[in-house]
A.B. asks: 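Take a look at the following structure, please.
Quick note: numbers below take in every heavy atom, side chains included, and nothing from hydrogens, waters or symmetry partners. Naming: A, B, ... by sequence-line order, numbering from 1 per chain.
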Amino acid sequence: MPETYIRPELVCPAGTPAALRTAVDAGADAVYCGFQNETNARNFPGLNFTPAELEQSLGYAHARNAKVLLAVNTFPPAGKFELWRDAVDIAARLGVDAMIVGDMGVADYAAKTYPNLRLHLSVQAGASSPEAIRFYCQAFGIKRVVLPRILTVAEIAELHREIPCEIEAFIFGNIGMMAEGRCSLTNYATGLSTNMDGVCSPAADVHYEDDKEGNLTTRLGPFMIDCFAGGENAGYPTICKGRYTCSASPEAYYAFEEPVSLNLSALLPDLMRAGVTALKIEGRQRSRAYVKAVVAAFRKAVDDVMAGNAPALANLLALTEGHRETQGAYRSKAWR
Amino acid sequence: MTVQERAGSVTLGPVLFNWQPEKWRDFYFRIADEAPVSTVYIGETVCSKRAPLIEPYYAAVAERLAAGGKTVVFSSLSEVVSKLDRKLAEQICTAEGFLVEANDGSALMYLKGRPHHVGPLMNVYNEATVKFLAGIGAKNICLPVEMPAKSVGALCEATRDLDVSIEVQVFGRQSLALSARCYHARAHGRTKDSCRFVCEEDPDGLTLSTIDDRKFLTVNGIQTLSYEYLNLVREVPSLRKMGVSRFRLSPHTLDMVGIATIFSGVVEGKLAADEAAALLEAMKPDAPFANGFYHGKPGYTWNTASVH
């Protein structure tokens, strides 16, 4: 007899209203987005929504039975809390289906002011154990946790049995090596903070230099992140995917991680069996064409699993960073 | 008690690195006997595999520190994922009679409702978060290392009437990132489970350099720190004025008693900040000082301009 699964929610990125419509049309059950400021962790130029755009987008999504989740998931520095408070107020007024929060102060304000507003715990909160998740659930009435990308599938299954809320897990896209919400590397090199400003490796601080031999070096601020021989596929410079040397390795090596993308399409049935309620695709900074291709492929894969068929795994490799993919931490503890 | 009335003091954060257990013990014995610090944080915050190595000395170290007039606080594990991590977090947080500093959400699960500290690896950036934590029992909060002066000042101002003291790290390598992967093991071609404690080779961490040979970062197991050493001795008077009452030193293989004495002199107003800076310069580690985060600049930079 074929195995039966609970139908998971496919949660897709929307960097712009156009991307949101594309994701909904391609089969997203839910889309997530943010406002045009530092209240969300993808505060990039040309990205995100005005309140009016969010309102229109809610209409578009709801008319097609898709949910809209708003990320208000960065950490307001003291003296600037109003910006985050305003974001919560607008989200509640417009009737988003859920708000994704990371900061305890923001969560506390939202829970107390809008008890009916559904809260999801952002990956930025770094809740990686049942105890931490239970703490957030009890304190703020969190209904769903977005898990850090550091757990194995076996650990997720175990965790599922010990927490009172739903689980959302990343299945595809860019994979940061550091625990989300606990990384100041960008601020160290550039003066802009991932937690407070919502940026990682900002483009304004990225430099590319060609030398006489045709090598391409990439820098973030003054720091060389990598050096590519002619013809090598040069990645966007992020500190946790750079090559460095140390006493144990005089040859330059990827000290943290290679420039790879997460692709868990092969693990979909395992994740669904482990109790993952929502499957999340990273990439609010990506193009509409990318969103369309990835969402459509995963829509089909999830539907195949639900129908008891082996998922026809579309070739997503071409869409991954540096055209290289990994199952990251999810497959085995040996990743650590 | 309002912040203005709080006496300023120097504190010593937990040893972040994998020191030989006897060396770890003897370090704290000397701190207990000689260092002018009010509070000493002990315990393993980076890797649960290391904890059993120093555990046999907890009692003796805590006793000696208490005898030396220091308040002892156990600092909890910062990244709790595996069964071993969870067991360690529970063990530290549920031990009777100890004050605990929470470094992750799982610790708060155990500590809420009773007096506790909150560590710099928790994300406490604003007054709303301070108020929430004070409401569940936090008595002291050490702010994240990347907080700029402007935000520290605003936070102190907005939480002045709460029964919470604010602490800021003022010396030592700055913790920049945590991961589930052990980068010490990776540098040696191993994994976290097969590490054979290779981190013990680097008592101040393993330096990572860029391909063009610029020293950049420091690896300590799952933790990444700055290569530069934070030094906010010149900023102590400004921090004091804002309402920060506790000044944390992060331990290194330096003369920490001497460094504590210098900072204590500045906190108590007995030593001019410029004089203290010159003294620290002479005791300098084999790496530059940095103070960028405080000045709202890249964290690795050294800034001489004052903020206030």
A.B. asks: With a 4.5 Å cut-off on heavy-atom pairs, point out which of B/Gln174, B/Lys83, B/Lys131 contacts chain A the most.
C.D. replies: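 Most heavy-atom pairs under 4.5 Å with chain A: B/Lys83.
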A.B. asks: Could you please spell out the steps behind the side chain to side chain contact (heavy atoms under 4.5 Å, CB included) verdict for B/Thr207 and A/Ser247?
C.D. replies: CA-CA 8 Å; B/Thr207 301; A/Ser247 58; over 6 Å; no
A.B. asks: Would you mind checking which part of A/Asp205 comes under 4.5 Å of any heavy atom in chain B, side chain (CB onward), backbone (N, CA, C, O), both or neither?
C.D. replies: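 Neither part.
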A.B. asks: Is there a side-chain contact between B/Tyr300 and A/Pro222 (heavy atoms, below 4.5 Å)?
C.D. replies: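 Of all side-chain heavy-atom pairs linking A/Pro222 with B/Tyr300, at least one is under 4.5 Å.
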A.B. asks: For A/Asp210, I'd like to know if atom CG has over 12 heavy atoms of other residues, nucleotides or ligands within 6.0 Å.
C.D. replies: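 Yes, the 6.0 Å shell around CG holds more than 12 heavy atoms from other groups.
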A.B. asks: side-chain contact (heavy atoms from CB on, under 4.5 Å) with B/Thr129: which of A/Val106, A/Asp108, A/Asp103?
C.D. replies: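 It is A/Asp103, the one option of A/Val106, A/Asp108, A/Asp103 that forms the side-chain contact (heavy atoms from CB on, under 4.5 Å) with B/Thr129.
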A.B. asks: Please determine whether ring pair (Phe, Tyr, Trp, His ring centres under 6.0 Å) holds for the pair A/Tyr244 and B/Tyr183, giving the CA-CA distance in whole Å, both sets of side-chain angles, and the decisive distance to 0.1 Å.
C.D. replies: CA-CA 12 Å; A/Tyr244 309 99; B/Tyr183 302 123; over 10 Å; no
A.B. asks: Among the options A/Cys240, A/Ala189, A/Ser249, A/Ala127, pick out the one with the most heavy-atom pairs lying under 4.5 Å from chain B.
C.D. replies: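 Top option by heavy-atom pairs under 4.5 Å: A/Ala189.
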A.B. asks: Which bit of A/Glu180 comes within less than 4.5 Å of chain B, counting heavy atoms only: side chain, backbone, both or neither?
C.D. replies: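 Neither the backbone nor the side chain of A/Glu180 comes within 4.5 Å of chain B.
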A.B. asks: Under 4.5 Å, counting heavy-atom pairs only, tell me which of B/Asp213, B/Thr301, B/Leu121, B/Val124 racks up the most with chain A.
C.D. replies: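 Greatest number of close heavy-atom pairs with chain A: B/Leu121.
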A.B. asks: Does any heavy atom of chain B fall under 4.5 Å from the side chain of A/Ser129, the backbone, both, or neither of them?
C.D. replies: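 Both backbone and side chain.
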A.B. asks: Checking heavy atoms, do the side chain of A/Phe256, its backbone, both or neither come under 4.5 Å from chain B?
C.D. replies: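 Answer is both: backbone and side chain atoms of A/Phe256 are under 4.5 Å from chain B.
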A.B. asks: Suppose a student defines contact as a heavy atom less than 4.5 Å from any heavy atom of chain A. Which residues in residues 86-93 of chain B would they list?
C.D. replies: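 Listed by number, the contacting residues are B/Arg86.
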A.B. asks: Mind checking the CZ-OG spacing from A/Arg182 to B/Ser175? Nearest 0.5 Å is all I need.
C.D. replies: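 Rounded to the nearest 0.5 Å, the CZ-OG separation comes out at 8.5 Å.
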A.B. asks: If we define contacts as heavy-atom pairs under 4.5 Å, which of B/Gly105, B/Ser179, B/Ser209 has the most with chain A?
C.D. replies: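 Max contact count across the listed options: B/Ser209.
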A.B. asks: Restricting to salt bridge (charged side-chain N to carboxylate O under 4.0 Å, His left out), what partner residues turn up for B/Lys297, sequence neighbours left out?
C.D. replies: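 Result, salt bridge (charged side-chain N to carboxylate O under 4.0 Å, His left out) vs B/Lys297: none returned.
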A.B. asks: Could you go through A/Glu257 and B/Arg186, starting from their C-alpha distance and side-chain angles, then the distance that decides it, and tell me whether this counts as side chain to side chain contact (heavy atoms under 4.5 Å, CB included)?
C.D. replies: CA-CA 10 Å; A/Glu257 178 60 297; B/Arg186 183 174 170 87; 4.2 Å; yes
A.B. asks: Looking only at heavy atoms and a cut-off of under 4.5 Å, which of A/Ala248, A/Ala252, A/Pro76 has the most pairs with chain B?
C.D. replies: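 Maximum pair count with chain B is reached by A/Pro76.
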A.B. asks: Roughly how far, to the nearest 0.5 Å, is the CG atom of A/Asp226 from the CD1 atom of B/Ile211?
C.D. replies: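 Atom-to-atom, B/Ile211:CD1 and A/Asp226:CG are 5.0 Å apart.
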A.B. asks: Can you tell me which portion of A/Leu185 sits under 4.5 Å from chain B's heavy atoms? Options are side chain, backbone, both or neither.
C.D. replies: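 Both backbone and side chain of A/Leu185 come within 4.5 Å of chain B.
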A.B. asks: How long is the span from the CZ atom in B/Arg214 to the OG1 atom in A/Thr245, to the nearest 0.5 Å?
C.D. replies: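 B/Arg214 atom CZ to A/Thr245 atom OG1 measures 13.5 Å (nearest 0.5 Å).
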A.B. asks: Using only non-hydrogen atoms and a strict under-4.5 angstrom cutoff, which residues of residues 192-200 of chain A touch chain B?
C.D. replies: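 Residues A/Ser193, A/Asn195, A/Met196 are the ones that qualify, each having a heavy atom under 4.5 Å from chain B.
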A.B. asks: For A/Tyr188 and B/Phe293, take the angle between the two ring planes, folded into 0 to 90°, and tell me which bin it lands in: parallel under 30, tilted 30 to 60, perpendicular over 60.
C.D. replies: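 Tilted, since the angle between the ring planes falls between 30° and 60°.
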A.B. asks: Out of B/Ala154, B/Ala177, B/Cys195, return the one with the most heavy atom pairs under 4.5 angstrom to chain A.
C.D. replies: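 Max contact count across the listed options: B/Ala177.
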A.B. asks: How far does SG of A/Cys246 sit from CG of B/Leu206, to the nearest 0.5 angstrom?
C.D. replies: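 Nearest 0.5 Å value for the SG-CG distance: 4.5 Å.
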A.B. asks: Need one label for B/Ala158: side chain, backbone, both or neither, based on atoms under 4.5 Å from any heavy atom in chain A.
C.D. replies: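 Contact with chain A: none, neither part.
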A.B. asks: Side chain from CB out, backbone as N, CA, C, O: work out which of these in A/Ala255 comes under 4.5 Å of a heavy atom of chain B, or both, or neither.
C.D. replies: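 Contact with chain B is through both the backbone and side chain of A/Ala255.
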A.B. asks: For a 4.5 angstrom cut-off between non-hydrogen side-chain atoms, does B/Val81 reach A/Arg336?
C.D. replies: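 Yes, at least one pair of side-chain atoms sits under 4.5 Å.
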A.B. asks: Please test B/Leu108 against A/Met104 for side chain to side chain contact (heavy atoms under 4.5 Å, CB included), starting from the C-alpha separation and ending with a verdict.
C.D. replies: CA-CA 12 Å; B/Leu108 291 178; A/Met104 285 186 272; 4.1 Å; yes
A.B. asks: Applying salt bridge (Lys or Arg N to Asp or Glu O under 4.0 Å), which residue pairs with at least one partner in residues 192-212 of chain B are found, sequence neighbours left out?
C.D. replies: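 Found A/Arg219-B/Asp212, A/Lys333-B/Asp193.
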A.B. asks: Counting only non-hydrogen atoms closer than 4.5 Å, does A/Ile239 touch chain B with its backbone (N, CA, C, O), its side chain (CB onward), both, or neither?
C.D. replies: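 Only the side chain of A/Ile239 comes within 4.5 Å of chain B.
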A.B. asks: So how far is it from A/Ile150 CD1 to B/Ile222 CD1, rounded to the nearest 0.5 Å?
C.D. replies: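 It is 8.0 Å, given to the nearest 0.5 Å.
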A.B. asks: Rounded to the nearest 0.5 Å, what's the gap from OH on B/Tyr125 to NZ on A/Lys80? Could you check?
C.D. replies: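 It is 13.0 Å, given to the nearest 0.5 Å.
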A.B. asks: For the candidates B/Arg190, B/Met147, B/His188, B/Glu228, which exhibits the highest count of non-hydrogen atom pairs separated by less than 4.5 Å from chain A?
C.D. replies: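 With the most close heavy-atom pairs to chain A, the winner is B/Glu228.
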A.B. asks: With distance as the sole test, does B/Asn123 use its side chain to make a donor-acceptor pair with the main-chain N or O of A/Gly181 at under 3.5 Å?
C.D. replies: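 Judged by distance alone, yes, a pair lies under 3.5 Å.
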A.B. asks: Side-chain contact, heavy-atom cut-off 4.5 Å: B/Arg181 with A/Met177?
C.D. replies: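 Yes; the side chains approach each other to less than 4.5 Å.
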A.B. asks: Shortest non-hydrogen contact from A/Ser128 to B/Glu79?
C.D. replies: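 Nearest heavy atoms, A/Ser128 then B/Glu79: OG-OE2, 4.4 Å.
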A.B. asks: Are A/Phe223 and B/Leu217 close enough, and set up right, to give a side chain to side chain contact (heavy atoms under 4.5 Å, CB included), and what steps lead you there?
C.D. replies: CA-CA 11 Å; A/Phe223 300 105; B/Leu217 298 168; over 6 Å; no
